[in-house]
Amino acid sequence: MSTMIAPARETVRAADRVAAARRRVTMGETVAQTLTMAWRALKKMRRNPEQFFDVALQPILFTAMFAFVFGGAIAGDVQSYLPLMIPGILAQTVLTTCMATGTQLREDMEKGVFDRFKALPIARIAPLAGPMVADLLRYTIAAALTFGMGLVMGYRPGGGVAGVLAAILLAIVTGWSLAWVFTWVGTIARSAQAVQGISMMILFPLTFLSNAFVPVETLPGWLAAFVRINPVSHLVTAARDLANGPVVSAEVAWTLLACLIVIAIFAPLSVRSYKRHI
Amino acid sequence: MSNAELGRAGGAGLAVRVEGLVKTFGEHRAVDGIDLDVRPGEIFGVLGPNGAGKTTTLRMLATLLRIDAGRAEIFGVDVAANPHVVRQLVGVTGQYASVDENLTARENLWLFSRLQGVAAPRARRVAVELLGQFGLEEAADRPITQFSGGMRRRLDLAASLITRPPLIFLDEPTTGLDPRTRGQMWDTIRGLVADGCTVLLTTQYLDEADQLADRIAVIDHGRKVAEGTPDELKTAVGDSTLQLLLAEPGEVPAAVAVVRRALGSDPVLSPEQGRLNVALDQADLAADVLIALRTAGVSISSVSVAKPSLDEVFLALTGHETGHETGDRPGDETGDDGRTRMEETR
């Protein structure tokens, strides 16, 4: 380290900089910044592979566990439970995966680097949306493993490759949309543990009070009413139709509509509370 | 309003203009009506103890904290009204390295370049250039977790310079660094100004402000208590202090009389028995005092000459010592390396 003094070069002129300054972030810049943030999140994942434990283990464990525990009681035997259950597990694993989005954002926000993100002239949404784009990889792994485990256990989806891929795609889109809820929780909660706790309270009713594991007809009326409006139920039904059909039912549209509503509400809320955090 | 008008809106050519800045945390007024004028091309030092409101002030100017009251302009651009423009004009280096610990040094510089719209080939070049300039070539591809404190600070500063912003904020740039690294950091900061940048830095070390700053604002309890060149501030306490311990505590009145005759000013009595502190305009005057004491037959058991500490400047300016308990931020008190710190005299 012979010299730390900047080499002589053209002088910084403040007035020119003020004149050249952009007044706001354009849509194109926002996308580019989000992708750069996604690159950062992917690097981070590669260096902390333990982040993949949940997405790798949960589909395998839950598929085996649920099939043997509930199979006989609900569908008579394991084989006939699989077409009902696999799409349910798919929804559940994807939801668990998006819960981690919030926890990790909270942990990340406590680090010094977020100070720099806030001080940079970048779109406020980029540090939030970037990791979510990278999480698409996690959803894909979780969804693929769920179906893989099902196939190993003897599940033969009637929808074929196209139906299964469509179901996986729908699950990923839904997971990404619902992740905004957890991102918002990540920006309002005081600690990563709090995010975890709150997320659990959102996650359990959403997955278990749905048609993911049991037929709606077996539920009491008031519960069935909630189960029918639960977006997770729409996802599960849509995924079942796709994977076992293949049938593209109106449930796909309902699921996508629910996703849009969730994004429209929680993305702005997240950005607002992230801004207030500074 | 065009950008040209934006910059002319006020400020009269100042790099930073702050009027009556206030930040309240609950009941606590962390920043309580601070005014600052920083001229382009100067190094301006904000000097004060922990918890004085230095970091809070800087964070408000860097758009990291909302301004509760008052006005702040960066090159004539209002901070509260146009944060996005201000963020393009300012590079911020925090007290705690604000780089990504999951990435290498090179990846960090790449990340911050790309985020600021630097095209990929140029981002690669900028990273190499900055790594070289800050002596980080060899560590370029090592994880940051293996970096020393000094290396992190350098990377942090490098990351602030990617777009060569005209104004740079440095929050306690050398706190916790060893003397050698500290000297290098000072050289780097001087180099920035030579490039045409303006630097606003906070510090709790008088010698750092003295070495670097063209002008200093001393703040305490969220208020500015003094402002001036380092020389002006030091005249308030003398250039150095002669510390005397008398062999006989009973001879203090005699010693005071001797000092008064020799220098025309009164020494400060220390709470410790028989100890006197004499402010000197020049260190040479110490000899005059000692000879006068010898002539008067006052015997001394120990003697030392020291530069005035920030504590003495504070005492002279505010009439109270600097021992604050509240930090600017939690965990504010970073490692001590034996330099004059306010805690010493608490």
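Numbers restart at 1 for each chain; the letters A, B, ... are given by sequence-line order, proteins then strands.
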Taking Arg116(A) for the side chain and Val99(B) for the main chain, is one N or O donor matched with an acceptor at less than 3.5 Å? no
Keeping Arg106(A) on the side-chain end and Ala189(A) on the backbone end, is there a donor-acceptor pair under 3.5 Å? yes
Against chain A, label Leu89(B) side chain, backbone, both or neither, depending on which of its atoms sit under 4.5 Å from a heavy atom there. side chain
Crowded around Glu138(B) CD? As in, over 12 foreign heavy atoms under 6.0 Å? no
Given Thr174(A), which partner from the list Leu169(A), Leu256(A), Leu235(A) fulfils the side chain to side chain contact (heavy atoms under 4.5 Å, CB included) test? Leu235(A)
Hey, is CZ on Arg46(A) packed in by over 12 heavy atoms from elsewhere, all under 6.0 Å? no
Where does Thr163(B) contact chain A at under 4.5 Å (heavy atoms): side chain, backbone, both or neither? backbone
Keeping the roles fixed (side chain from Thr202(B), backbone from Glu172(B)), state whether a donor-acceptor pair exists under 3.5 Å. yes
Applying the ring pair (Phe, Tyr, Trp, His ring centres under 6.0 Å) criterion to Phe266(A), which one of Trp184(A), Trp180(A), Trp176(A) satisfies it? Trp184(A)
Please state whether the side chain, the backbone, both or neither of Gln33(A) comes within less than 4.5 Å of a heavy atom of chain B. both
With only heavy atoms counted, which part of Pro143(B) is less than 4.5 Å from chain A, the side chain, the backbone, both or neither? neither
Checking Asp78(B) side chain against Ala81(B) main chain: does a donor-acceptor pair fall under 3.5 Å? yes
Note: vs chain A, highest number of non-hydrogen pairs under 4.5 angstrom among Gly91(B), Ala159(B), Ala62(B) is Ala159(B)
So which bits of residues 108-119 of chain B come within less than 4.5 Å of chain A, counting non-hydrogen atoms only? Trp110(B), Leu111(B), Phe112(B), Arg114(B), Leu115(B), Gln116(B)
At a heavy-atom separation under 4.5 Å, does Ala119(A) approach chain B through its side chain, its backbone, both, or neither? both
Contacting region of Glu107(B) [heavy-atom separation from chain A under 4.5 Å]: both
Heavy-atom count around Arg142(B) CZ within 6.0 Å, excluding the residue itself: above 12? yes
Please classify the contact between Phe114(A) and chain B as side chain, backbone, both or neither, with a heavy-atom cut-off of under 4.5 Å. neither
Between Thr101(A) and Asp135(A), a side-chain donor and acceptor under 3.5 Å: yes
Please state whether the side chain, the backbone, both or neither of Asp108(A) comes within less than 4.5 Å of a heavy atom of chain B. neither
Which one of Arg24(A), Met37(A), Arg40(A), Lys111(A) has the most heavy-atom pairs closer than 4.5 Å to chain B? Arg40(A)
I need the residue from Val86(B), Leu103(B), Ile74(B) with the largest number of non-hydrogen atom pairs under 4.5 Å to chain A. Leu103(B)
Run through Leu212(B), Thr174(B), Leu170(B) and flag the one making a side chain to side chain contact (heavy atoms under 4.5 Å, CB included) with Met185(B). Thr174(B)
Where does Arg47(A) contact chain B at under 4.5 Å (heavy atoms): side chain, backbone, both or neither? side chain
